[in-house]
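Please read these numbers as outputs of a predicted model, since none were measured by experiment.
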Protein chains: 2
Amino acid sequence: MPLAVALDLGGTQIRAALVDAKGIMLNRIATVTQATAGPIVVIQQLVDAALEVSRDSNPADIIGIGVSSPGPLDTEQGIAIGLPTIKDFDHVPLRALLQVKLSHKVHLENDGIAAAIGEWKFGAGQGLRSLVYITVSTGIGGGVIVDGHVMHGRKGMAGHIGHMAIMPNGLRCNCGNVGCWEAYAAGPAFTARANAKSAADVFAAAKQGDAAAQKHVDDEVDFLALGITSLLHLYSPEMVIIGGGLSNAFDQLHPGIESYITQNAMPAFRDVPVVKAALSGNSGLIGAAALVFQNT
Amino acid sequence: MPLAVALDLGGTQIRAALVDAKGIMLNRIATVTQATAGPIVVIQQLVDAALEVSRDSNPADIIGIGVSSPGPLDTEQGIAIGLPTIKDFDHVPLRALLQVKLSHKVHLENDGIAAAIGEWKFGAGQGLRSLVYITVSTGIGGGVIVDGHVMHGRKGMAGHIGHMAIMPNGLRCNCGNVGCWEAYAAGPAFTARANAKSAADVFAAAKQGDAAAQKHVDDEVDFLALGITSLLHLYSPEMVIIGGGLSNAFDQLHPGIESYITQNAMPAFRDVPVVKAALSGNSGLIGAAALVFQNT
């Protein structure tokens with residue numbers, strides 16, 4: 001049975017799994033990213049994780065390695081240009097280094113795009129030709145499938161949807177741009193507006209009838225929906241799929257998002273469904289495996 | 001010699017040309033669109049224009065008809081969903097009607113996408129795999145080429161870049177959405193801020209040292225550059241091409257746009273050139289012909 005090793009490099013966790021051609025994870029491990037230890041240590045963590053998940057399988061079954069990594073990456077060259085959450089990851093030839101250490105072909109993809117591929121091949125977007133995947137957590141990332149192709153663009157950097165400006169002279173974003181959608185609609189902005197410890201606290205309070213918390217949820221809905229409406233017009237997807245930490249409260253966000261779209265999107269775009277990611281936290285990991293199995 | 005008949009339906013003018021496989025217009029006519037006379041009259045105008053430009057050529061040379069039309073169109077179905085500038089164009093089966101009357105295969109494309117194809121195949125973007133074309137005139141439209149494909153999306157409606165929101169609770173746009181880029185950066189918004197009769201007047205005054213006019217040009221630069229920076233992050237093109245009426249003042253806009261991008265775009269996106277359209281007012285017409293010659 002052909003198997004893929006999937007690696008998901010995150011700022012807080014490295015996750016690895018052995019995945020079959022149907023997108024089923026046969027095992028899965030997670031370890032804390034040594035984010036301040038430099039690229040040599042982190043790459044060794046990835047190698048160790050890949051070896052660990054594949055240890056009990058027939059080496060001949062493993063047909064390749066898929067890696068999801070935060071961007072910006074130059075996926076044409078296989079280079080991590082600069083990972084904001086991991087120290088000293090500045091123009092690291094991640095694909096080549098892993099390929100040498102693991103003796104397998106390595107497929108490298110931006111984490112937002114990998115998650116979009118995961119949802120497209122094995123999750124909420126199966127069978128569609130065009131979709132937008134949005135992850136809303138500490139930042140906003142995403143990936144776009146259009147006309148049956150994964151949208152890559154120059155250097156594979158398309159789909160940095162969190163860095164679409166929604167406010168002239170707005171808040172300075174971590175990326176250096178001003179007024180980015182991420183600076184208003186990602187988790188930290190939401191919890192800061194609510195002066196709360198976590199997004200979950202605000203959603204829980206709103207659910208229990210706290211009017212102030214509900215107001216913050218409503219504001220978050222408006223920021224999210226404004227960006228999603230733009231994405232409808234920009235990419236004309238058949239579906240918008242929401243993942244990331246804030247999608248845990250999808251039921252509290254969804255009615256307001258739909259209402260905003262119905263009021264504001266151009267009429268021909270209003271009937272596009274906005275749904276929750278089906279693979280929960282594993283969209284990127286399963287998408288990394290899909291890179292191995294499919295010519296995406 | 002194989003030839004295409006190109007038709008460009010605009011709110012004020014219908015233009016037609018006979019175009020060869022190198023994108024050269026052998027002739028070109030323009031007529032005033034009878035925009036209030038209803039679809040039957042306007043479609044007859046298109047038919048008459050097609051017949052007129054092809055009258056002196058060998059009928060066997062004409063291999064098809066390309067049509068550029070304002071959107072939103074459903075180009076999968078060949079239907080004009082609703083053209084804001086032309087009366088009663090509500091779900092008109094434009095492609096089928098023209099095909100019957102002209103006895104040739106008709107290729108229908110959104111005007112922004114047609115112009116993008118024109119610039120890609122025969123203009124400033126020749127040989128590239130990814131580009132964004134932006135037309136800035138009474139509205140903002142555009143088209144996107146990505147990874148060597150024309151981006152279409154659901155119903156062929158991708159690339160409505162003018163309707164990306166840049167201001168929460170902002171100005172109401174003609175499209176119904178709030179805060180659209182078009183509502184701030186298209187020609188009418190610029191001339192309204194300057195309280196001027198035409199964009200050309202403001203640019204001319206700025207050129208002559210009028211400080212107030214220059215301030216309005218600077219504001220326009222900021223609005224344009226904010227949107228262009230977002231488009232870099234969203235589509236990762238290799239080039240941004242600016243057409244439409246305001247591109248006549250490209251030299252006055254370009255330095256400020258480059259400066260904004262250098263300050264605000266994510267570093268990996270800063271070196272993408274922003275250039276003026278090469279086919280001036282004919283990007284859409286020549287792009288319509290390209291639809292006939294190429295499987296885009």
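Screening residues 213-225 of chain A for side-chain hydrogen bond (donor to acceptor under 3.5 Å, both in side chains), with sequence neighbours left out, gives Arg193(A)-Glu220(A), Gln214(A)-Asp218(A), Lys215(A)-Asp219(A).
Between Ala158(B) and Ser236(A), the shortest heavy-atom distance links the atoms N-CB, 3.4 Å. Gly153(B) and Asp147(A) make their closest contact through N-OD1, 2.8 Å (heavy atoms, listed as atom of the first residue, atom of the second, distance).
Surrounding CG of Asn195(B) are at most 12 heavy atoms belonging to other residues, nucleotides or ligands under 6.0 Å away. Under a cut-off of 6.0 angstrom, the local environment of NZ in Lys87(A) is sparse, with at most 12 non-hydrogen atoms contributed by other residues, nucleotides or ligands. A 6.0 Å sphere centred on CG of Asp271(A) holds more than 12 heavy atoms belonging to other residues, nucleotides or ligands.
Taking the ring centroids of Phe269(A) and His163(B), they lie at or beyond the 6.0 Å cut-off.
With a threshold of 4.5 angstrom between heavy atoms, Ile81(B) approaches chain A through side-chain atoms but not through N, CA, C or O. Contacts of Pro168(B) with chain A are made by both backbone and side-chain atoms, with heavy-atom separations under 4.5 Å. If you measure heavy-atom distances from Val178(A) to chain B, the contacts under 4.5 Å come from both the backbone and the side chain. Heavy atoms of Ser130(A) lying under 4.5 Å from chain B belong exclusively to its side chain. In this structure, the portions of Ser230(B) lying under 4.5 Å from any heavy atom of chain A include both its backbone and its side chain. Leu231(A) touches chain B through its side chain: at least one heavy atom from C-beta onward sits under 4.5 Å away, while N, CA, C and O do not.
Comparing Arg129(A), Lys155(A), Met167(A), Met157(A) by heavy-atom pairs within less than 4.5 Å of chain B, the highest count is held by Met157(A). Interface summary for chain B: among Leu234(A), Ile145(A), Val144(A), Ile161(A), the most heavy-atom pairs under 4.5 angstrom belong to Leu234(A).
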Under 3.5 Å, side-chain donor or acceptor atoms of residues 255-268 of chain A against the rest of the protein: list the pairs with distances, not counting sequence neighbours.
{"from": "Glu258(A)", "atom 1": "OE2", "to": "His254(A)", "atom 2": "NE2", "distance (Å)": "3.0"}
{"from": "Ser259(A)", "atom 1": "OG", "to": "Gln263(A)", "atom 2": "NE2", "distance (Å)": "3.3"}
{"from": "Thr262(A)", "atom 1": "OG1", "to": "Glu258(A)", "atom 2": "O", "distance (Å)": "2.8"}
{"from": "Asn264(A)", "atom 1": "OD1", "to": "Arg172(B)", "atom 2": "NH1", "distance (Å)": "3.4"}
{"from": "Asn264(A)", "atom 1": "ND2", "to": "Tyr260(A)", "atom 2": "O", "distance (Å)": "3.1"}

- Test side-chain contact (heavy atoms from CB on, under 4.5 Å) applied to Arg154(A) and Leu128(B), step by step: CA-CA 10 Å; Arg154(A) 172 177 170 268; Leu128(B) 299 182; over 6 Å; no
